[in-house]
Structures are given as structure tokens and as C-alpha cells.
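The analysis underlying the following values was restricted to heavy atoms, covering all of them including side chains, and did not include hydrogens, waters or symmetry mates. Order of the sequence lines sets the chain letters (A, B, ...), proteins ahead of strands, with each chain counted from 1.
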There are 2 protein chains.
Amino acid sequence: MAVTMHDVAQRAGVSIKTVSNVVNGYPHIRPETRRRVQDAIDELGYRLNTTARNLRQGRTGMIGLALPELSLPYFAELADSVMRAAEARGVVVLLEQTGAQRERELQALDSPHRRLTDGLLFSPLALEPEETERLQVDYPMVLLGERMFGPVDHVTMANVEAARAATLHLVERGCRRIATVGAHPGETMGSARLRLDGYRKALAEAGLPFDPDLVADAGLWHRSTGAEAMTRLLDAGVQLDGVFAMNDALALGALHVLHTRGVAVPRDVAVIGFDDIDDARYSEPLLSTVDPGREQIAGTAVDLLLERIAGSTVAPRRVVADFRIVARESCLLGQDVH
Amino acid sequence: MAVTMHDVAQRAGVSIKTVSNVVNGYPHIRPETRRRVQDAIDELGYRLNTTARNLRQGRTGMIGLALPELSLPYFAELADSVMRAAEARGVVVLLEQTGAQRERELQALDSPHRRLTDGLLFSPLALEPEETERLQVDYPMVLLGERMFGPVDHVTMANVEAARAATLHLVERGCRRIATVGAHPGETMGSARLRLDGYRKALAEAGLPFDPDLVADAGLWHRSTGAEAMTRLLDAGVQLDGVFAMNDALALGALHVLHTRGVAVPRDVAVIGFDDIDDARYSEPLLSTVDPGREQIAGTAVDLLLERIAGSTVAPRRVVADFRIVARESCLLGQDVH
DNA sequence: GCCTTTGGTTACAACGATGTAGAGTTAATC
DNA sequence: GATTAACTCTACATCGTTGTAACCAAAGGC
């Protein structure tokens, strides 16, 4: 049915291997021969059979990307970035969702998909430090996100630094009573903990006291939980003039509640989020946030993984992406956009 | 490096083909032989090499799913459903985003990914009817969504019927002045047009007049555009007691504005959305909506595609999924949840 | 008791590409 | 002008599976 190299070879009057050489850009081919082969390829509409090449080369040309949920905006956009980065490097991405459940995260490490991919980009949310040794897999892997350490390549965002910068951004705007939304009490290594650390660091640097009443917990980082947390803060009568939300969904929920309660943003309270998801560009007022360097994270992660796949055995690396404060309406200095 | 059937065969003292037979569940094997092979497989930790099988069988075991954007919640959840449906049937999904751009939708039909997949589930948003003939591809394909017709398998939701039912649901609740949000003026075949048709049908059946002032346009179906459209309706001073939003994002944006303006939902205005995205379960008040049968759409689409891949040549089919009204707080009958 | 059927297994040739080794040419070196 | 090096191309084996055909043994039919 399909056209094979054999057909092309016959038509061009050369051996199969020569066709292969042309297709693969082998340099020592007479221009005349190359042209004949190329013509035959064009005339027959030949397309390389990737499966056969992969079998022969012992690779699949695909990498896996295991992440919590596509319906979480940050991960949908991360997937987008990874797919683009992979495409630019000639590999294909196979997506897998773990639902942020410990069990399914462990399964992803050993799923049938692993036979189809040359390596894995893994973004765990639920795995605990005790499970570090489960990450000692026998295939190339690069971790994304803040969880887990151990001797594995790891690409992460500058959670502490970026949270600190976001909080300082509010300080510079004149905020003195800055709340934070999204804390996970007791957490030792997740983003919530790291971003809380950054928040505290900024307060300390600015000479502001740390007030536990200004810390609002939120288990899941959704709009709804952000709204609930903000409601609790307001209901408790806590004085505040700034909010650092640990992600944009929380921030959007908080914005909603502030608006409802008649609190003017940014005049009365300035708000900054984290992640720079697409929705932050459509809110009212426009949400200030932190761009954690998603593109860079995706590109770097794919690069590291491809190096491992190519056989690199250098010591495990840890890359921290550059972040950037995205100043929008929700924390304009001394103004009210309404 | 990796364990092959050859290794297993040697260890079990049988031929490679016998191992293959065991792995593939061929029935005529002596129990004793089967056990020996199975033991060898377990002891060696053998896993089938899918690439080799695919090469031999002339298939890749993968299907493509081309959709507009993962960051649009409906599509993220559709992708999720399709991936599950595919997994249940033993195939793997390769995702591709088209950005809802005509050019990229056309490219998807001819992308290098097509060599890697046995067939394509295609959900176009931007292609126009004139391009119907571009959909006459030489590989198995099933269309998703309402766009395009022509002789191709097609799985779609009951847009008109479901929009009609949603509107009638508001009528039953006592609404007499029902607005709709999300219209695309001039559209002839998209969801906006179909859902508007359903809305009008319901009004007619209920003996209610159609009032163009109650129709709010919204180009992109985002929260922000829903909020803007709702704002325009309220600012225009249009009397209304119900809102049928053409999708949940629009509805959530509308809810937000209503809340802000001090309009009680559902007491003063009842609201219903469309899609039953996850966020609808977390809004305040909880959003009533239409479950368009996403799971069924995904399952059916994968089934149809696999039939085509298996060689079926029956006439192109058109399947319309069952929908279901999901009644939540935002349109409770004669009550106010606040 | 010979002939056919069914069961259980195997050898061998594919699937469509690429790596290796080497055969012929032509060009460069001394 | 003989020796070596660089080009250009081909034959063949190979990647890990599965389909085909065929074998031998045991079972059933008449």
C-alpha cells in the first residue's frame, strides 16, 4: 500500500541504502544521484516510516509528559510549552495525567507508555520525600516542579525568590499589611511552603512583622478556594492593604471577593498572583502576577532529557528558571483604575 | 540490553513464536507450556516491544487528537475523556493543538504526526464549509464538534436540543424574560448559531416573544467576555429574569457581574450554562448547566475511529450524544440560596 | 486400521528502515 | 606510476515482533 524506500530505490535506479542516505542527509552523494532520488521521492509521495526507523534505532522518538491535570491552567499551559519545545527538537510528546494522586503518580513511572517513550518528563504533586528511591528508574527522566530531590535531573522555578519579589513588589507599592493566600500548613517542600518562605523573607527584608493572621490557607489552588480564603480574611476583620496569592486562580478568586465586598483594587488593596496564566490577562482589573519562566522551563527540561536519552552520564543537574514580575492593574502604584 | 522474546523463549525452552502466542492469548497452548513461558516472562521482567509489533502489524497503536486549545476548559476535559476512552481500548492518544486557526487546522491534516498515528480525531473550529473537500483524507478520520459536514464520520452534541432544553428549564422555573449570552452574529453553522436556534425554539414553544435586546454577543467564550456581555445587558436596562449562557465560562462571567451588581441569583435572575465543566461545581452559587455527554462523545468517537482503522467501509455515520440538564443552585425553583 | 481432523509447536520469512563492511572509482601524495 | 586516501554506492544482516505454512502427535470417523 504505502510507498517504501524500496519503491523509491527502484524508481531512482539506486539501492535502498542510497535512498536512506539521501533521506538522512549523508554528505557523500553525487548531486546527480541525490537529485534522482529526490525526484523519485517527490513523484511517489514517499514519507519515511517512523516506526521502522525507531525499531532499527532502538528509540521511539517520543517522550512522555506526566502531569497532574490538564484542567489546571498552569499545567495546560506547561503542556503547551513542552509540546512546542519538543516539536522544535523533532520529538513528539505523549501526555499522561496523574490526577495528582500518589498512586497514579507511581503508576506513571511504570506505565505501558514507558515502552513507547525514550524518556519521561515527570511533574509529581503528591509523591512524598520518602518515595525518592522510586524515582531511581532505569530510563531517562527529568523532574519538573518542586517536589522530590535525590540524584535526578530537575528543572524548577525560583519559587522562593519569585514569591519574595512579588511580595516586595507590593511593599514598593506602599503596602504594609500584606496577606498571603494559599498556604498549606505543615507542608515541608511543596510550592506552598516555598512561596510562603519567600513571602516571609520579603517581609523580613522590608522590616515588616510577620502576622499569622495574614496567612490564609487554601488546600486546592482554585478560584473557589481563593474566594473562600479571601472571605475568611475579610470576615475576620484583619487589616490588610495587599494580597500575595500563591497562584493566579487563587488571586482571581480573591479579586472577585474584594470586588463584591466593595474593596477597591488596587486603591484599597493591591493584589498580585503567580504563574501568569492566560486568564490573568482578561480579569477586571488586570491581574499583576509572576511569570515563572514556563517557556524556559519547558525548553530546558526537554533539552536535559534529550541529553540523557543521547547517553549523557554527567551528574544530575538542577536548573532554576528565571522569573519576571508582570505588573498590571491590580497593583498599580497609588492609583485606582476604576 | 532489554529483554526480548528470544530471551524468554530460550529460558522457557520453547520457540519464539510460542512466546508470542502466549503473550497474545492464542488459545491452543498446553497449560504446562503456558506456565513455563509465563514464569520466564516474570523472572526476566520481559515487556513487549510495541514498536516491533507495530512495524510488523503495519499499525502504530496510536490515534491523533487535534483540538483548538488545551487551555479552553471544555477541550481540556474532552482530551481527558478521549485519553481515558482510548486507554480502555488499548490505544494511545497523540495530542495536537491548532490554536483554532484555519491555517494550523489544515496543517494538522497533513502533519508529520499523521505517520505516527493510525487515524485522527479532529475537532476543527475555524475551517469553513468551503474547505469540506480538504477533509477527504486518505486515512481514517472522525470529526468532533459541529463544524463541517460532507461524507465523514462525525460525532457531535445535540446543540439545538440541549440549548432548547436549557432554556425551557428556565421557563419552567418561571422565567419570562430570558437573555442569552454568547451569540455570534452572522454565523451559519457553529455552536453559537445552533445554541441560539435552540434558545429561539424554546421561546417559541413556550409562547414567549423573541426579543433581540435579550441577545448578547460574545466573540470568544471566556469568563471575561461573558462578564462584559452581562454588563452590557444590565447597562442597557433590559428587563430580564433568566440567562442562558452558551457555555459555562460565559455563565461564570455573567454570575460574577450579577453578584457585583447586587442582583440575587437565582431569586432575581436564574442562570444556566452549557458544558458542565469542572469549575461549574465550584462557583457561588453552584452553576446549573447542560452536560453535553462528553464521555459518550469521546467513547463513541474512539469506537468509530477504531472501526475505520479496522477497515470498515460502511457509509459515514453521524452520532449525536445524549445530553442532560444539571440543575444546581443558580436556577433553583422559587428559592434563593443566599 | 487407514484417513481426516484438531491440537500444539516450530522454522522461516516478512514489516521498513539503518549500521557495517567492503567493492569500485576517482583524486591526492611522494 | 605505485600507494594511499577519499568518494560513492551496494549487499547483507539486523532491530523484535507476528503471519504463514508445515510438522508431528493424538483423537475421532467409518
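- Here E96(B) does not pair with R104(B) in a salt bridge; the nearest charged N to carboxylate O distance is not below 4.0 Å.
- With hydrogens and angles disregarded, a donor-acceptor distance shorter than 3.5 Å links the side chain of R114(B) to the backbone of A108(B).
- Over its length, the helix from dG1(C)-dC30(D) to dC30(C)-dG1(D) turns its helix axis by 30°, as judged from the five terminal pairs at each end, rounded to 10°.
- Looking at R11(A) and D39(A), no side-chain N of the basic residue comes within less than 4.0 Å of a carboxylate O on the acidic one, giving no salt bridge.
- Around the CD atom of E307(A), the shell of radius 6.0 Å holds more than 12 heavy atoms that belong to other residues, nucleotides or ligands.
- Side-chain atoms of N24(B) come within 3.5 Å of backbone N or O of S20(B) as a donor-acceptor pair.
- For the pair R35(A) and D42(A), the salt-bridge criterion is not met [side-chain N within less than 4.0 Å of a carboxylate O].
- Under the 3.5 Å distance criterion, the side-chain polar atoms of R294(A) are matched with a main-chain donor or acceptor of D275(A).
- Nucleotides of DNA chain C with any atom under 4.0 Å from a heavy atom of chain A span, from 5' to 3', dG16(C) to dT20(C).
- Side chain of E105(A) to main chain of L125(A): a donor-acceptor pair is present (N/O by atom type, distance under 3.5 Å, no hydrogens or angles).
- Here the P atom of nucleotide dC15(D) and the CE atom of M5(A) are 19 Å apart, to the nearest Å.
- For the residue pair D118(B) and T60(B), a side-chain donor N or O sits within less than 3.5 Å of a side-chain acceptor on the partner.
- Taking a 4.0 Å limit (strictly below) on heavy-atom distances, residues 37-59 of chain B reaches DNA chain C at L55(B), R56(B).
- Identified under the ring pair (Phe, Tyr, Trp, His ring centres under 6.0 Å) test for residues 17-42 of chain B, with sequence neighbours left out: Y26(B)-H28(B).
- Within residues 14-31 of chain A, the residues approaching DNA chain C are I16(A), K17(A), S20(A), N24(A), by heavy-atom distance under 4.0 Å.
- Salt-bridge annotation for D110(B) and R47(A): present, with a side-chain N of the basic residue lying under 4.0 Å from a carboxylate O of the acidic one.
- Not one N or O on the side chain of R102(A) forms a donor-acceptor pair closer than 3.5 Å with the backbone of L127(A).
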Atom pairs, protein N/O to nucleotides 26-29 of chain D N/O, distance under 3.5 Å:
none

**Item:** Step-by-step salt bridge (Lys or Arg N to Asp or Glu O under 4.0 Å) determination, R84(B) to E295(B)
**Value:** CA-CA 9 Å; R84(B) 277 189 227 285; E295(B) 295 288 324; 5.2 Å; no
**Residue pair R53(B), L48(B): steps toward the side chain to side chain contact (heavy atoms under 4.5 Å, CB included) verdict** = CA-CA 8 Å; R53(B) 164 188 278 184; L48(B) 180 69; 3.2 Å; yes
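- If you check the side chains of T51(A) and N54(B), you find no donor sitting under 3.5 Å from an acceptor.
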